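None of the values given here were measured: they were computed from a predicted structure.
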Amino acid sequence: MKLREQTNKQICDENDLPFTIITNVVEERSAKNRMRATSNLIAKALIATLGPYGSSTIIQDRMGRHFATKDGYDLMNRMTFDDEVSRTILDLLRTTASNQVLSVGDGSTSAIVVANALFQALTNPERREEFDKIAPKDIIDILNDLSEKLEYGLRQMAKPVSPDMHELDIIAAIANNNDYAAGKTIADIYRKIGQNGFITMDVVDKKDKDDYELKTGIEWERGWVDPVFEKFADQDGKVIYSEKPKVFITNSCLSYDDLEMTLMPVIKEALNQEGSELLIVANDFDPDVIQFLKNNRTKHMQYNSRAPEMIFTAVDIDQVTKEGRNTLEDLATLCGCKIFDKVMTKQGDAFAHPADYIGRADRILITKKTTQVIACKDMTDDHRKKINSFVKDLNNKIEKLQKIEEPTKEEDEALYEARRRVSRLTSASAMLHVGGKTLAERMTRQRLIEDAVLACKSALKYGYIPGGNLCIPKYLNANREGLADFLGTKYSYLPIDKPRGFFLYFIDMLTDTFLESYRAVLNNSYFNEDETEEVIQKCFDEGKFYNLKKHEYENWEETEVINSVDTDIQILRTCISIIGILSQSNQMMTMNFDANSQIYKDK
């Protein structure tokens, strides 16, 4: 017997020990079984939430407050287990699924459900012989190759959102638990702010119905620069909110040498002004500067002991591309401050005139991946005139570029960039006040509306596809022969007796596991299991899709059930990431070690 297959007890018996040595490493067989069981328990809890007929879960938080949610990720975020090994598996799945939520809002529940179904199929003891000769790494390589083919195929199927954005009414409604009124509100906002705009949420205002107001703001795809800032995010660890913060902007990398001549005077000036939060935006930060900001986040500055607590948050911004440099310039214009430039700024200017380098914002929202800055409502007349003058110059540039009869690629890109800049400097953002009779109801609805906003944003950027959870299995089923031939050629070196037959079986297994989320959607409605399989088969055979909202079959290309193509792609990626973690892990170790726990003892 191989050493890795021996139990602790067997090893101790061979060495004439009258007792078994217990370690904090969970035995391989026990670890795999626990992974299977934990994954199944998580999927069981989430699967009931899928689809328009999915059920809500009543949650009591740590403060004793109660609310209901139908959001799978929200539910998983609050799940726990009574042993550290299962909690570790839950944390891994939760962390992997969080990228799905941050990217497209919707689909994290489907990703977990599909990943569980695939993991159960790959590790099923009854099917062990089929995968015995293939290493887990080969399985992951095969899945990654299929993923590339699938992503390409899905993007080819995607359609762009129409100029009137009518598709967003449906996409937002579906992501928001089929709330068509809220879906229309979100779509209306995007029709006004354009595809480059962004929407922020408010649940504090006591409003019975959803309402919104247009604002001016900028968003870029960079988040907090250090994980420590995540500790200061909201209770879900997703967003840092900052009200009425000061802003310091530089296109340079902040080094420790900059602290005395640049950052210290700015901090001192910020402390003398109203408010106690400072957002520092830079091209990059030296580790010493980040450490300084972390150490001083909740301390008084030594030169102003009576000042209120200064809270720092640091984010970076791309300065390599022209788009990134334009974003920085627009941000400074919006916040009403100068950009500190190590090369161009006169030495000592920030020390002598620190107020010139401090901007103001109404609100800032920072996640792991993005930063949003909303302009002040009460900006001075002088500040507003500068913005209007800047926008006027951009509009003149747009007018000149539009007159070019045969523009070059560079001129087309310049026109697009100028329009984007005007949009965000005028009214490219909106504050959506979430409606509800109680705070608990508004908080519950906020989570669904956030998903809907991200789903719309993704559709505007990547396009949309029909069919919801049925799209990936339908593509696999339609292309199974070609995919099997491709895999058979690439992996001809694997010790398989009948390669093509094996890969056809593998693709059928993958198709079946990706159907699991659509099965759940149907099973949560009025169909029994046999009827569900009949619906799926008819959809495959006749190119149909069953619309639960209308209770009828629709032609695949004409169905109203649509979503961002990137939702399906992120489901695919998340699923394979989870399989990669679970299938290649043969044992587990925990530092929260309890020798009396049955987990560590041989069965």
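Residue Tyr416 comes nearest to Gln195 through the heavy atom pair OH-NE2, 4.2 Å, listed as atom of the first residue, atom of the second, then distance. Of all heavy-atom pairs spanning Val373 and Cys335, the tightest one is CG1-SG, 4.0 Å. Cys471 approaches Met157 most closely through the heavy-atom pair SG-CE, 3.5 Å. Here the closest heavy-atom approach between residue Ile449 and residue Asn176 is recorded as N-OD1, 3.5 Å. Taking every heavy atom of both residues into account, Leu334 and Met379 meet most closely at O-CE, 4.5 Å.
Rounding to the nearest 0.5 Å places CG of Asn388 at 11.0 Å from CG of Asp393. Of the inter-residue distances, the one linking Asp284 atom CG with Ser255 atom OG reads 11.0 Å to the nearest 0.5 angstrom. To the nearest 0.5 angstrom, Leu150 atom CG is 12.0 Å from Arg155 atom CZ. Taken from CG in Asp566 to CG in Leu454, the straight-line distance is 11.0 Å, to the nearest 0.5 Å. Atom CD of residue Glu410 and atom CG of residue Leu415 lie 13.5 Å apart, to the nearest 0.5 angstrom.
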Practice task
Begin from the C-alpha positions of Ile240 and Ile364 and carry the test side-chain contact (heavy atoms from CB on, under 4.5 Å) through to its verdict.
Solution key: CA-CA 8 Å; Ile240 292 177; Ile364 290 173; over 6 Å; no
Exercise for the section: Please report the C-alpha distance between Ile280 and Val289 in whole Å, then the side-chain angles of each, then the deciding distance to 0.1 Å, and finally whether the side-chain contact (heavy atoms from CB on, under 4.5 Å) criterion is met. Expected result: CA-CA 11 Å; Ile280 301 172; Val289 177; over 6 Å; no
Practice task
Please assess Lys192 against Tyr212 for the test side chain to side chain donor-acceptor pair (under 3.5 Å), listing each intermediate value before the final yes or no.
Solution key: CA-CA 11 Å; Lys192 291 180 179 178; Tyr212 66 90; 2.8 Å; yes
Exercise for the section: Test side chain to side chain donor-acceptor pair (under 3.5 Å) on Asn283 and Asn251 and set out the steps. Expected result: CA-CA 5 Å; Asn283 184 28; Asn251 59 4; over 6 Å; no
Practice task
Check the pair Ile186, Ile171 against side-chain contact (heavy atoms from CB on, under 4.5 Å), reporting the backbone distance first and the verdict last.
Solution key: CA-CA 10 Å; Ile186 294 167; Ile171 291 170; over 6 Å; no
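His433 pairs with exactly one of Lys207, Lys209, Glu213 by the side-chain hydrogen bond (donor to acceptor under 3.5 Å, both in side chains) rule, that one being Glu213. Screening Lys338, Arg421, Arg424 for a salt bridge (Lys or Arg N to Asp or Glu O under 4.0 Å) with Glu329, the sole residue that qualifies is Arg421. Of the residues listed (Ile174, Ile465, Ile170), the one engaging Asn563 in a side-chain contact (heavy atoms from CB on, under 4.5 Å) is Ile465, and it is the only one. Considering Leu331, Leu328, Asp318 as possible partners of Trp220, the one that fulfils the side-chain contact (heavy atoms from CB on, under 4.5 Å) test is Leu331.
In the model, Ser162 has a side-chain atom that pairs as donor or acceptor with a side-chain atom of Glu167 under 3.5 Å.
Residues Met201 and Glu450 are in side-chain contact: their nearest non-hydrogen atoms beyond the backbone lie under 4.5 Å apart. By the 4.5 Å heavy-atom criterion applied to side chains, Val281 and Phe248 are not counted as neighbours. Side-chain contact between Trp224 and Lys368: present, with at least one pair of heavy atoms (C-beta onward) separated by less than 4.5 Å. Put simply, the side chain of Ile374 reaches to within 4.5 Å of the side chain of Leu365, judged on heavy atoms. Using a 4.5 Å heavy-atom cutoff, the side chains of Thr367 and Gln372 are not in contact. Residues Asp378 and Arg360 have side chains in contact (heavy-atom distance under 4.5 Å, counting atoms from C-beta outward). Taking the side chain as every heavy atom from C-beta outward, Leu432 and Thr200 never approach each other to under 4.5 Å. Side-chain atoms of Leu254 and Asp286, non-hydrogen and from C-beta on, never get closer than 4.5 Å to each other.
Using a distance-only test at 3.5 Å, with no hydrogens or angles considered, a donor-acceptor pair links the side chain of Thr185 to the main chain of Ala181. Thr574 contributes a side-chain N or O that, together with a main-chain N or O of Gln570, makes up a donor-acceptor pair within less than 3.5 Å. Proximity of a side-chain donor or acceptor of Gln319 to a complementary backbone N or O of Gly324 within less than 3.5 Å is detected. Judged by distance alone, the side chain of Asp179 and the main-chain N or O of Ala182 form a donor-acceptor pair under 3.5 Å. Side-chain atoms of Arg442 come within 3.5 Å of backbone atoms of Gly436 as a donor-acceptor pair (strictly under, hydrogens ignored).
Within a 6.0 Å radius of CG in Asp381, no more than 12 heavy atoms belonging to other residues, nucleotides or ligands are found. Crowding of Glu221 atom CD: a count of heavy atoms from other residues, nucleotides or ligands under 6.0 Å not exceeding 12. Other residues, nucleotides and ligands contribute over 12 non-hydrogen atoms within 6.0 Å of the OH atom of Tyr180.
With respect to the salt-bridge test (charged N to carboxylate O, under 4.0 angstrom), the residues Lys244 and Glu277 do not qualify. Salt-bridge check for Asp169 with Arg191: passed, with a basic side-chain N closer than 4.0 Å to an acidic carboxylate O.
Between Phe340 and Tyr357, the two ring planes are perpendicular [angle over 60°; tilted spans 30° to 60°].
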